[in-house]
Amino acid sequence: MELMNEKKLGFGCMRLPVLEEGNQTSFDYEKMEKLFDTFIEQGFTYFDTAYTYHGYEAEKAVKKALVDRHPREAFQLATKMPLRDFKDSDDLEKIFNEQLANCGVEYFDYYLLHNMGYNVYDKCVKYDAFNFVKQKKADGKIKVVGMSFHDMPELLDKILSEYGDCFDFVQLQINYIDMDQANVRGRECLEVARKYGKPVTVMEPCKGGTLVNLPEEAEKLMKDYAPDSSAASWAMRFAASQQGVFRVLSGMNSMEQVLDNCKTFVDFKPLNDEEMEIIRKAVDIINSKTAVPCTACEYCTHGCPKNIAIPQYFAVYNSIMRTTGSFSSQQVYYNNIAMNGHGKASECIKCGKCEQACPQHLPIRSHLEEVAGKFEGNNFFPTRQAKD
């Protein structure tokens, strides 16, 4: 299947609009439908969801807001097999059939093995997950097969060398901060995909909002060059400008985001040399001010025995370290999160479940100690009995 001529923007469904802050399953369907409809009206068709998104409810939400309301030929739907969740070969079949029902479709346009890494690779080999998706394509249940990859380029090379015929494309984390970060190595992963001739879909082009809310110095560089261009458009264009990239996903939950991204891709223009140099300068500024390179994917929170709001704590911590706002205001945010049914950062019991789940391979337990040191033990924090 020819992939490279398709429009490059995809609607990521990991951060859908919700009615209650912090309640990931209370969907704002009225808003969601308007966002989906506008996206399609702008000429785009690709929607990317997953079995585990929004507390395992995102596929059903996409069915209600998209599949039930539009002709099947009006959209392309992608979802993913949860590699951490399946138990054996029978479970692969069971989950896949459940996903077809969740989404209300007879086939998936795109289907991926989700969050591939060393932690699940052996299980995928043991239960032949690679050939499972290959067979589903042969059966007509999948049109295009891929995998979303969150690990080192050496593993990607190994998988593509041994199972490359199972995959039509690879989904990688590509953004201008992570190209050379030791925990992501986006540039090398992209090179491996090109080596095996696998087109690339980009996830986290804005790194969970990090590249939207920039330090003032970095934002000024971009605004001085292109006053009418958003920080997000710079990040999206960088990702889409990489050789071999055929699509860039954006997790949109506001009309402003949908319209801005559509504007960027309706008449897409790759970054020129001068713009690339501005990006390089921005990278240096951002790296000097980002304490925890978290993308807020929330994989780390699933199964946390203390229900610690890890990504939210890292966000307020990064805000302090970037000096964008007063300490007291960020302390209030921290307090509100901790007092709303979540464990404090200091309540971490070091079980390590979060680090096993983190696609960024962050030392989360150590970072939580840093967060606790910054926000706890001062007069701003109300007294509260520790969670059991």
Side-chain angles (χ1 to χ4, degrees), residues 12-16 22 24-25 48-59 79-88 91-92 95 99 112-127 129 147-152 155-156 159 171-173 175 178 181-186 189 203-204 207-210 249 251 291-315 317-318 337 341-345 347-372 387:
C13 299
M14 190 170 75
R15 300 179 176 95
L16 295 171
Q24 288 299 292
T25 61
D48 171 273
T49 186
Y51 187 74
T52 58
Y53 289 171
H54 281 271
Y56 298 84
E57 294 297 321
E59 290 177 336
T79 194
K80 311 176 188 76
M81 173 62 67
L83 300 184
R84 283 189 297 152
D85 288 28
F86 86 91
K87 302 179 183 66
D88 52 32
D91 215 26
L92 289 170
I95 291 173
Q99 291 179 285
L112 301 87
L113 298 183
H114 194 189
N115 198 5
M116 176 62 70
Y118 280 110
N119 60 324
V120 294
Y121 171 72
D122 288 341
K123 182 168 72 166
C124 288
V125 171
K126 180 178 180 180
Y127 295 112
M147 67 172 159
S148 68
F149 186 82
H150 284 283
D151 218 303
M152 298 295 100
L155 178 61
L156 182 60
I159 293 172
Q171 190 158 300
L172 299 175
Q173 180 168 316
N175 57 67
D178 286 330
Q181 290 287 337
N183 61 315
V184 178
R185 295 166 67 187
C189 287
M203 54 186 161
E204 298 291 355
K207 197 172 173 63
T210 298
L249 303 178
V292 184
C294 170
T295 68
C297 69
E298 297 191 343
Y299 292 176
C300 59
T301 62
H302 299 166
C304 173
K306 293 296 184 180
N307 193 30
I308 298 173
I310 298 168
Q312 293 167 278
Y313 290 159
F314 287 168
Y317 183 61
N318 280 334
I337 296 166
H342 294 288
K344 296 184 291 184
E347 292 175 7
C348 172
I349 61 172
K350 314 292 186 185
C351 69
K353 289 182 179 179
C354 55
E355 294 181 7
Q356 294 172 14
C358 178
Q360 313 305 318
H361 312 288
L362 300 178
I364 294 174
R365 290 172 286 187
S366 295
H367 286 316
L368 285 174
E369 290 181 359
E370 297 167 12
V371 172
K387 294 171 67 68

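Excluded from the calculations below are hydrogen atoms, water molecules and symmetry mates; all remaining heavy atoms, backbone and side chain alike, are included.
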Working to the nearest 0.5 angstrom, can you tell me the gap between [X] [atom1] and [Y] [atom2]?
X: T52; Y: R84; atom1: OG1; atom2: CZ; value: 7.0 Å
X: N119; Y: Q356; atom1: CG; atom2: CD; value: 8.0 Å
X: C348; Y: E369; atom1: SG; atom2: CD; value: 7.5 Å
X: C354; Y: I308; atom1: SG; atom2: CD1; value: 8.0 Å
X: M116; Y: M81; atom1: CE; atom2: CE; value: 11.5 Å
X: Y118; Y: D151; atom1: OH; atom2: CG; value: 6.0 Å

Could you walk me through whether M14 and E298 satisfy the side chain to side chain contact (heavy atoms under 4.5 Å, CB included) test, starting with their C-alpha distance in whole Å, then the side-chain angles of each, then the deciding distance to 0.1 Å, before giving a yes or no?
CA-CA 10 Å; M14 190 170 75; E298 297 191 343; over 6 Å; no
Before giving the answer on side chain to side chain contact (heavy atoms under 4.5 Å, CB included), spell out for Q171 and L249 the whole-Å C-alpha distance, their side-chain angles and the decisive distance to 0.1 Å.
CA-CA 10 Å; Q171 190 158 300; L249 303 178; 3.6 Å; yes
Test item: [X] side-chain N/O and [Y] main-chain N/O as donor-acceptor pair under 3.5 Å:
X: S148; Y: N115; value: yes
X: N307; Y: G343; value: no
X: H54; Y: L16; value: yes
X: H361; Y: H150; value: yes
X: K353; Y: C300; value: no
X: E355; Y: I364; value: yes

Kindly indicate, with the supporting measurements, whether the criterion side chain to side chain contact (heavy atoms under 4.5 Å, CB included) is fulfilled by F86 and H114.
CA-CA 11 Å; F86 86 91; H114 194 189; over 6 Å; no
For residues [X] and [Y], report the shortest heavy-atom separation together with the two atoms involved.
X: A345; Y: Y313; result: N-CE1, 3.7 Å
X: D91; Y: D88; result: N-OD1, 2.9 Å
X: R15; Y: G251; result: CB-O, 4.3 Å
X: A291; Y: N318; result: N-OD1, 3.2 Å
X: T49; Y: K80; result: O-NZ, 2.7 Å
X: H342; Y: I337; result: CD2-O, 3.3 Å

V184, L156, D178 screened by side-chain contact (heavy atoms from CB on, under 4.5 Å) with C189, the one that passes
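The side-chain contact (heavy atoms from CB on, under 4.5 Å) with C189 is passed solely by L156 among V184, L156, D178.
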Is atom NZ of K350 surrounded by more than 12 heavy atoms (other residues, nucleotides or ligands) closer than 6.0 Å?
yes
Excluding sequence neighbours, so at least two apart, what forms side chain to side chain contact (heavy atoms under 4.5 Å, CB included) with E57?
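E57 satisfies side chain to side chain contact (heavy atoms under 4.5 Å, CB included) with T25, F27, K60 only.
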Mind checking what makes side chain to side chain contact (heavy atoms under 4.5 Å, CB included) contact with S366, not counting sequence neighbours?
P363
Under the side chain to side chain contact (heavy atoms under 4.5 Å, CB included) criterion, do L368 and F314 qualify, and how do the steps go?
CA-CA 8 Å; L368 285 174; F314 287 168; 4.0 Å; yes
A side-chain contact here means heavy atoms from C-beta on lying under 4.5 Å apart; do I159 and M147 qualify?
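I159 reaches M147 side chain to side chain.
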So, do T79 and Y53 sit near enough that their side-chain heavy atoms are less than 4.5 Å apart?
no
Indicate whether any N or O donor in one side chain lies under 3.5 Å from an N or O acceptor in the other, for Y56 and D85.
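Yes, a side-chain donor-acceptor pair sits under 3.5 Å.
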Just to verify, what does K123 make a salt bridge (charged side-chain N to carboxylate O under 4.0 Å, His left out) with, not counting sequence neighbours?
none
